[in-house]
Engineer: 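Pasting a structure below so you can have a look.
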Number of protein chains: 2
Amino acid sequence: MASTSEFKISPPAGMEDMDVSSQRAVTLYEAIREDILSGRLAPNERLVVADLAERLGTSTNPIREALQMLRGEGYVMFSPNRGARVRPIDHDFVRNIYEISTLIEPALTRWFVGMATDADIAELERIQRLIEENNFVDAVLHSGLDVQFHTVVYQRHYNRHAAEIWWKHRQVLRAVTQRFPYTLARRSQVIREHRELIEHVKSGEADKAAACIARHVESSGQHILEQMRAFDAARTG
Amino acid sequence: MASTSEFKISPPAGMEDMDVSSQRAVTLYEAIREDILSGRLAPNERLVVADLAERLGTSTNPIREALQMLRGEGYVMFSPNRGARVRPIDHDFVRNIYEISTLIEPALTRWFVGMATDADIAELERIQRLIEENNFVDAVLHSGLDVQFHTVVYQRHYNRHAAEIWWKHRQVLRAVTQRFPYTLARRSQVIREHRELIEHVKSGEADKAAACIARHVESSGQHILEQMRAFDAARTG
DNA sequence: TATCATCAAATCGTGTACAATCCAAGTCAG
DNA sequence: CTGACTTGGATTGTACACGATTTGATGATA
């Protein structure tokens with residue numbers, strides 16, 4: 001494996017086990033989703049099933065099913081008899097997701113504090129060390145490690161539904177954040193907040209950990225939304 | 001229209017306008033979803049595409065697409081080369097949904113308090129009057145009115161994503177609640193909490209309204225989960 | 001005789017090819 | 001320039017072929 005950027009984000013153990021579907025369609029689903037999230041498919045672009053089928057080397061039916069899945073997750077929009085279009089991952093869409101994360105993640109974190117084992121804490125510290133070693137140099141690696149970090153916290157939560165929502169949102173945010181650089185201020189803030197979270201978990205202070213995560217998500221959202229605004233302003237202005 | 005029980009719950013104005021898909025498939029989607037939620041399709045029952053196609057008078061492709069939609073919403077589970085099964089609407093599933101609602105609905109309500117017009121309040125009071133007139137006699141009517149009541153609050157929220165999540169959850173809960181009767185205690189509690197909410201909206205007290213909704217969802221969840229437990233105990237014991 | 005393994009046939013999921021329907025844009029007559 | 005018609009392209013629904021999985025029976029072994 002290459003030393004950097006080959007970090008593969010796998011569905012965190014036991015997370016989307018229900019997502020294992022028709023072997024072909026699930027791959028197509030991921031392929032198209034990545035194309036949407038990465039921006040290779042432009043916002044509002046038409047998704048012509050025949051074209052996609054040819055490009056991805058399959059026939060139309062698997063494509064249709066993949067598009068229906070994507071519709072369920074909110075990545076594509078359908079119009080009757082006019083097919084699918086790429087939903088724009090715009091400012092509002094990202095803001096909506098962040099707002100919901102701000103509500104859900106603290107609740108998940110609170111529960112984790114009561115359940116965390118020594119192994120969990122060791123794992124958090126291990127990942128945090130890797131994050132700090134990388135120090136945002138490799139953006140993709142950082143993104144993957146960051147997902148890993150939070151996955152440790154949410155992975156075993158009894159509310160699978162909530163964990164799934166988090167996971168879906170996270171995948172959108174991962175793709176979006178990779179389009180923009182971290183400011184220096186934001187970098188040190190991320191490090192600080194992660195360290196603070198670990199401390200609260202260690203001392204078993206659920207409320208503080210929850211509040212910490214709330215701030216973490218909130219500030220992360222602010223950071224990205226500002227970048228998106230700036231980018232859009234630069235583009236249009 | 002018949003005087004009772006013919007109450008049709010339509011997707012509250014502008015709510016799932018993105019859901020308008022292939023005219024046929026979306027109907028099939030609703031048909032199958034209702035069969036699952038109402039219990040006509042047993043938990044874990046296999047969903048054989050050919051059977052469904054015949055029963056619903058269509059061919060296999062529309063059924064497949066409908067099943068993929070339902071997969072996205074969490075109503076069916078897929079296994080590779082083994083097809084789809086009905087996800088059991090069990091105690092855990094319902095609890096998960098209630099927990100998430102407890103997080104989201106107060107936030108939506110808080111925003112509504114700052115935005116509510118006189119017309120909104122009048123509408124809330126109108127629906128509340130109908131609820132009290134019906135007084136839980138017609139369960140389906142009550143269920144529909146209850147959805148309407150809360151829809152007034154969430155309908156125009158800027159976070160469409162959150163509103164959609166609420167709406168999807170609500171549809172599950174509507175189907176489940178209709179399977180069980182309201183206890184007398186629960187009836188008066190619902191009336192009281194609705195009235196209290198209206199008062200808080202009128203006086204513009206966002207925090208109190210949010211807290212009120214949090215309690216409302218919480219107690220509603222407790223009520224249903226107890227009924228489900230009792231039912232399961234009676235069945236197995 | 002009971003239990004288990006093996007194998008075969010049926011069943012159903014999955015992908016392909018095709019026909020029908022619908023929409024939109026472009027064209028031509030008035 | 002406007003409105004209806006035509007035509008091309010894409011969605012949507014149907015029929016079918018292939019392959020995997022399940023199931024039931026048959027036979028072997030303890």
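In what follows, chains are A, B, ... by sequence order, proteins preceding strands, each numbered from 1. FYI, side chains are in, hydrogens and waters are out, and symmetry mates aren't considered; it's all heavy atoms of this structure.
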Engineer: Tell me if the side-chain of N61(A) makes a donor-acceptor pair with the base of dT16(C), cut-off 3.5 Å, by modelled atom types.
Structural biologist: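 Answer yes: a donor N or O sits under 3.5 Å from an acceptor.
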
Engineer: Classify the side-chain pair Y158(B)/E99(A) by whether it contains a donor and acceptor separated by less than 3.5 Å.
Structural biologist: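 Short answer, yes.
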
Engineer: When you compare the side chains of D120(B) and T117(B), does any donor N or O come within less than 3.5 Å of an acceptor on the partner?
Structural biologist: yes

Engineer: One thing to verify: whether D90(B) and R95(B) come together as a salt bridge, which I'm taking to mean a side-chain N less than 4.0 angstrom from a carboxylate O.
Structural biologist: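 Judged by the 4.0 Å cut-off on N to carboxylate O distance, R95(B) and D90(B) do not form a salt bridge.
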
Engineer: Before you tell me yes or no, could you show the steps for E218(A) and Y98(A) under side chain to side chain donor-acceptor pair (under 3.5 Å), namely the whole-Å CA-CA distance, both residues' side-chain angles and the distance that decides it to 0.1 Å?
Structural biologist: CA-CA 7 Å; E218(A) 172 78 19; Y98(A) 265 112; over 6 Å; no

Engineer: Pairs under 3.5 angstrom, nitrogen or oxygen only, protein versus nucleotides 7-10 of chain D, please.
Structural biologist:
| residue | atom | partner | partner atom | Å |
| --- | --- | --- | --- | --- |
| dA10(D) | O3' | R46(A) | NH2 | 3.2 |

Engineer: What I want to check is whether the side chains of R33(B) and Q171(B) have a donor and an acceptor closer together than 3.5 Å.
Structural biologist: yes

Engineer: Between the base of dG15(C) and the side chain of R64(B), is there a donor-acceptor distance below 3.5 Å?
Structural biologist: yes

Engineer: Select one nucleotide: of dT14(D), dG15(C), dT14(C), the one nearest the side-chain heavy atoms of N81(B).
Structural biologist: dT14(C)

Engineer: Specify the separation, in whole Å, of atom CD of Q68(B) and atom P of dG15(C).
Structural biologist: 10 Å

Engineer: Please state whether the phosphate of dT16(C), meaning OP1 or OP2, lies under 4.0 angstrom from any side-chain nitrogen or oxygen of T58(A).
Structural biologist: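 Looking at the OP1 and OP2 atoms of dT16(C), one of them is under 4.0 Å from a side-chain N or O of T58(A).
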
Engineer: State which residues pass salt bridge (charged side-chain N to carboxylate O under 4.0 Å, His left out) with R85(B); sequence neighbours excluded, sorted by chain then number.
Structural biologist: none

